[in-house]
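To keep things clear, I will list the structure first and then write my remarks on it.
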Number of protein chains: 4
Amino acid sequence: MAIREKSKEKRNALLKATLNLVNNNGFHDAPMSKIAKMANVSPATIYIYFENKQDLINQLYLELKISYTEQAFKDYSENMPVKKAFELIWYNIANYKLKQVDEAWFLAQCDNTTMIDENSRQEGLKHLQPLLDLWEKGQKEGIIKDVSPYLLYAYAINPLAFLMNMQKRELYQLDKESLKQAFQASWDSIRI
Amino acid sequence: MAIREKSKEKRNALLKATLNLVNNNGFHDAPMSKIAKMANVSPATIYIYFENKQDLINQLYLELKISYTEQAFKDYSENMPVKKAFELIWYNIANYKLKQVDEAWFLAQCDNTTMIDENSRQEGLKHLQPLLDLWEKGQKEGIIKDVSPYLLYAYAINPLAFLMNMQKRELYQLDKESLKQAFQASWDSIRI
Amino acid sequence: MAIREKSKEKRNALLKATLNLVNNNGFHDAPMSKIAKMANVSPATIYIYFENKQDLINQLYLELKISYTEQAFKDYSENMPVKKAFELIWYNIANYKLKQVDEAWFLAQCDNTTMIDENSRQEGLKHLQPLLDLWEKGQKEGIIKDVSPYLLYAYAINPLAFLMNMQKRELYQLDKESLKQAFQASWDSIRI
Amino acid sequence: MAIREKSKEKRNALLKATLNLVNNNGFHDAPMSKIAKMANVSPATIYIYFENKQDLINQLYLELKISYTEQAFKDYSENMPVKKAFELIWYNIANYKLKQVDEAWFLAQCDNTTMIDENSRQEGLKHLQPLLDLWEKGQKEGIIKDVSPYLLYAYAINPLAFLMNMQKRELYQLDKESLKQAFQASWDSIRI
DNA sequence: GATGAATGAGACTTCATTCAT
DNA sequence: GATGAATGAAGTCTCATTCAT
């Protein structure tokens, strides 16, 4: 009665292969056949783990988004002082984008593209709530500008994506010093 | 000349159709046949005006990029005071992204994707030189932080792309007041 | 014996599932996986009971054909008078087609299609021999037209398949009265 | 401005190839690739002439059905006496089934199968109306049994399909004499 | 015996591009 | 220059069957 079980390994290999191919070749030219080959399975096997290509992409997106936000709020607790807390989260995010370049790059592509279902996108957004809460707290304390959280995000967090992009293209080097500069800019843009 | 005019019309119709289809359906699912249909020409006709699909996309990208930077430096002259000049350029860019949403959205997709040749991308970057020069001037005058122009761009300009994205998704409204807030954040992040 | 019983159950479930799927979806779109699911077994299990898909279909066909002819000759004995005997058999067949619509419909599909091996088809034909013998007897007695048994079958029996077909499509209603009419037509067509 | 036009020839070659393949191999195992090869075109070409496989089958069905009924009513005029008229139509149909064996066999498959859309089937039925009208006339004149036209069709016409089937399997030979016998049986079954 | 995972072959269909007019 | 037909190559996905437990 013991049978082969769906292996987490294979699933992960497929997700990883998808990530690599989409990153290097774009969503177009990341055919299922190549994904299968890269993951060392038959094309048909993909459909045991995922409903179809869209589902594969969606699941990858969600999984990465979750891992991303997990990292973002590592060591964070709600009763830290606002600036300290922001700094922590900011560096967490920066580190994620620096160390998990491929994952970050994939997420950026999804956010600027029609690749992802609106549903999955919505789902992915939810996980940032604690940061929004933190900003609200900061606004109440008179530390942070009283503007839309979207504006805050645009200046405090999103520029990291651009910098990472430039680094990936070897136009810019994100070292310790420039990280400090970047953080300073982020903070200056949102603090009162 | 009548013929040349007519040709220009067809070429433009093709570029416009491409823009629309890529924006709405993504680069995948923007087949040449649909582009042709939308531009009211035969698929074969596309190949009179463009070498192939990649060339079509590249040319569209460059054309938009040029129009974008033209707008960006409208009314700008090198001997304006730095902050005034920056404000002018910033609002020029903001207006472009607000009014030519589709064009701006297409450019954003290109910048976060493998759609475009590295060549064309380089080519597109050149046109921003005057802004870089302005920043350098500001740095010499001690008005602007002494950091990489990429960092300055990441904070001063790039956030607009994010805000526009949110506005397109109807999550955020870019009105006069919020534009003012955005400009303030931009300026705060790069000024000394 | 418990095991053998259980096995018989599974085999029957598979045959039944095949019947249903082929009837509703057609031979195409009756994949082994769906058959398995409908019979609540694993796809692999099918291959314990049947050699392959063709074998499954063939066996189903033969089984139904046997059950069909069993019904056809229920209560029949060779020394009944010809017309009485024919009436008995005719109504037996009619009842089968009326009550076991699905089975009858499946058989009709097989008889008009490449689904079935020529072998199995031959095998299925054999079981009608008693009817042919009856006709021969009737011919000798000068009651039934002296023509090929195929012709007799075409007029005496086969029309029931068409009527059943129409009934299945809800274009025609086979009630007591119309059965009587049909029998009369059958008899008129073959009697001298 | 003159361009290649969709050729009737190619369309016909495709329909013919489909007919042959479906007849010989069944609807399953009549893949588009084989159809294309048999018609000497590229698989992609099929989709210029037909929307998809279902459409190809549907169109083939309708075309054959029309040609079938055209033949059926050849030389027929409404003011012929009932029996003469019936005989004419009956022989027209018989001849069609004898001479256009493949076409007739394909139609029979469609009528006993899920291959065809219910829509196309309905469409195909319409064309038999004149025969129904003839029967109604015969009933008013007291020549033909006062029963449902479906019953009349089942006995007067449908047996030909069975006989043709047997002939195709070389179990029965439909020569002049047996045709006469068959017509007699048809007439006996429906006349008063 | 029974199973769910796994798969190679192949199904239908689409696409960028070329052909022939 | 302009076209619609035509196509080879390739894409996504399904299927009958086998594997490994």
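Every chain is numbered from 1, with letters handed out A, B, ... down the list of sequences.
Side-chain nitrogen and oxygen atoms of B/Thr45 include at least one within less than 4.0 Å of the OP1 or OP2 phosphate oxygen of F/dT3. Between E/dA2 and C/Lys10, a contact under 4.0 Å exists linking OP1 or OP2 to a side-chain N or O.
Judged by closest nucleotide on DNA chain E, B/Lys34 is the one of B/Ala44 and B/Lys34 placed further toward the 5' end. Between A/Ser42 and C/Ile48, it is C/Ile48 whose nearest contact on DNA chain E lies nearer the 5' terminus. Of the two residues near DNA chain F, A/Ser33 and C/Asp29, the one whose nearest nucleotide lies more 5' is A/Ser33. Toward the 5′ end of DNA chain F lies the nearest nucleotide of B/Ile46, the other residue of the pair C/Pro43 and B/Ile46 mapping further downstream.
A salt bridge does not link A/Asp102 with A/Lys16: every distance from a Lys NZ or Arg NE/NH1/NH2 to an Asp or Glu carboxylate oxygen is 4.0 Å or more.
Here E/dC12 presents its P atom at 4 Å from NZ of D/Lys53, a figure rounded to the nearest Å. Atom OH of D/Tyr47 and atom C1' of F/dA9 are 15 Å apart (whole Å). Going from atom CZ of A/Arg11 over to atom P of E/dA6 covers 13 Å, rounded to whole Å. The separation between C/Phe50 atom CZ and F/dA16 atom C1' is 15 Å, rounded to whole Å. To the nearest angstrom, C1' of F/dT17 lies 15 Å from CD of C/Gln54. Atom-to-atom, CZ of B/Phe27 to C1' of E/dA16 comes out at 11 Å; the value is rounded to the nearest Å. Atoms NZ (D/Lys37) and P (E/dA11) sit 10 Å apart, rounded to a whole Å. Remark: P of E/dA16 and CD1 of B/Ile35 are 7 Å apart, rounded to the nearest angstrom.
Base pairing annotation: F/dA20 forms a Watson-Crick or G-U wobble pair with E/dT3, both donor-acceptor distances under 3.5 Å. Look at E/dG10: its Watson-Crick or wobble partner, with both distances under 3.5 angstrom, is F/dC13.
Heavy atoms of D/Tyr49 sit under 4.0 angstrom from primed sugar atoms or phosphate atoms, though from no base atom.
With rounding to the nearest 0.5 angstrom, the CD1 atom of A/Ile35 is 9.5 Å from the CZ atom of A/Phe50. Note that CG of B/Leu14 and CE of B/Met38 are 11.5 Å apart. Values are rounded to the nearest 0.5 Å.
The side chain of B/Pro31 lies closest to E/dA16 when the candidates are F/dA2, E/dA16, F/dA16.
A side-chain contact (heavy atoms from CB on, under 4.5 Å) with B/Leu60 is found for exactly one of B/Leu62, B/Ile57, B/Leu64, namely B/Leu64.
Remark: A/Lys53 qualifies as a cation-pi partner of A/Phe27 under the 6.0 Å distance and 45° angle criteria applied to the six-membered ring.
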